2 protein chains.
Amino acid sequence: MPAWPPAGSGPSPVEGPSRLAGAPWATVRDRLRARGLRWTPQRRELIDVLAASTGHVTGSELVERCRAVDPATVPSTVYRTLHVLEALGLVSHSHGHDGREEFHVLPEVDHGHLHCTRCRRTWELPAGEAALLTAALREARGFAVDLSHLSVGGLCADCRAQLAALGSAGLALE
Amino acid sequence: MPAWPPAGSGPSPVEGPSRLAGAPWATVRDRLRARGLRWTPQRRELIDVLAASTGHVTGSELVERCRAVDPATVPSTVYRTLHVLEALGLVSHSHGHDGREEFHVLPEVDHGHLHCTRCRRTWELPAGEAALLTAALREARGFAVDLSHLSVGGLCADCRAQLAALGSAGLALE
DNA sequence: GTCGCTATTGCAACGAGCTGCGATAACGCG
DNA sequence: CGCGTTATCGCAGCTCGTTGCAATAGCGAC
């Protein structure tokens, strides 16, 4: 793993809106400052890592990736920064099947999660598919569903097929 | 808290092929043995505690209650026993809003959970209310929803009302 | 009763994540 | 450019839960 150029030494690769097209990361610094928050090297590192990530990442994965960039990285700082970024709307988090934190980079689209309790895979559940539920809950209880906190567990089609194939042979525990 | 009558003392209520009506705990010992598992004092303690519990309990709450009965209780044993009991279908667990484990004593009725991300209260979501979602997912994806792993987050009616009352004054973080 | 097999225990260490605290360093201002 | 304010850092320690391992103890068989 190539060491990154020491922060601040030498001209860093184009820091324009070039590759950041569609990436709000470029504006994070100003967004932080506008709130009286600060732009620190540690935060910059995490944001670099986030900008290179997509989809779901667990907190510890992010810690590891940061450590790859800067071995001096400390977990608490990463977690704290993640919470700050969440307040800015740049990431969101939910709890995976095992209760571990999963961060969601750039939650452009509001969606829930579907995960198979057998194969542990996860899918995104777009608002459309949950619409009936959210509408029903709003009407019946006045409850406003937050899709990012909607998590549905169960058996995916593949696993159901596999179990069916196994037939009644095994009352398998697992 | 009253000490429980020693197990096995006195005639236990009907224990037939009928229903484990109300007290499946009485049969736990035999169910364990039937599987080649063992009946130990530690397990008995946890089962006493469970029998005295209803609804949702977190793992650490159970550990505490066990420790109240027997200070020598060790967490790993409690957690391991809980997982064994889950395999027997006597408890089920899910992950709460904060990712912590919540155990569910005697999950007679299959249901999901609804929790408010603001006031942190939790409600049960009966199968009926989720039926539309589960049906839709089964048809569209062949996904079989496990209600005990269905968790819906959002704002409850009370909190929505409170927020509305606060008006546009606060762009509250929380 | 006691013997042996092995499930279970308790311990210690670990992993994820959070938190309080003193020290550091961003950043706005002059 | 230097100063003061205060957000942030790094550390140490804590909580919840899991895991590997050696020692213990259920329990079925003799």
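Letters A, B, ... are given to chains in the order of the sequence lines, protein chains preceding strands, and every chain is numbered from 1. Fair warning: this is a prediction, and the values are worked out from it, not measured in the lab.
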Would you classify A/R100 as touching base, sugar-phosphate or nothing, given that sugar-phosphate means primed atoms plus P, OP1 and OP2, and contacts are heavy atoms under 4.0 Å?
sugar-phosphate
By the 4.0 Å heavy-atom rule, please label A/T58 as base, sugar-phosphate, or nothing. nothing
Take atom [atom1] of [X] and atom [atom2] of [N], then tell me their distance rounded to the nearest Å.
{"X": "A/E45", "N": "D/dC9", "atom1": "CD", "atom2": "C1'", "result": "12 Å"}
{"X": "A/R38", "N": "D/dG4", "atom1": "CZ", "atom2": "P", "result": "15 Å"}
{"X": "A/R43", "N": "C/dC27", "atom1": "CZ", "atom2": "C1'", "result": "13 Å"}
{"X": "A/L82", "N": "C/dC18", "atom1": "CG", "atom2": "P", "result": "9 Å"}
{"X": "B/W39", "N": "D/dG28", "atom1": "CH2", "atom2": "P", "result": "14 Å"}

So does [X] get a side-chain nitrogen or oxygen closer than 4.0 Å to the phosphate oxygens (OP1/OP2) of [N]?
{"X": "A/T77", "N": "D/dG10", "result": "yes"}
{"X": "A/H83", "N": "C/dC18", "result": "yes"}
{"X": "B/T40", "N": "C/dT9", "result": "yes"}
{"X": "A/Y79", "N": "C/dC18", "result": "no"}
{"X": "B/S60", "N": "D/dC16", "result": "yes"}
{"X": "A/Q42", "N": "D/dG10", "result": "yes"}

Assign each of A/R80 and A/G59 the nucleotide of DNA chain C bearing its closest heavy atom; nearer the 5' end lies the nucleotide of A/G59
Side-chain contact check for B/S76: nearest option of D/dC27, C/dT9, D/dT18 is D/dT18
Note: for A/L32 and B/P75 on DNA chain D, the residue whose nearest nucleotide lies more 5' is A/L32
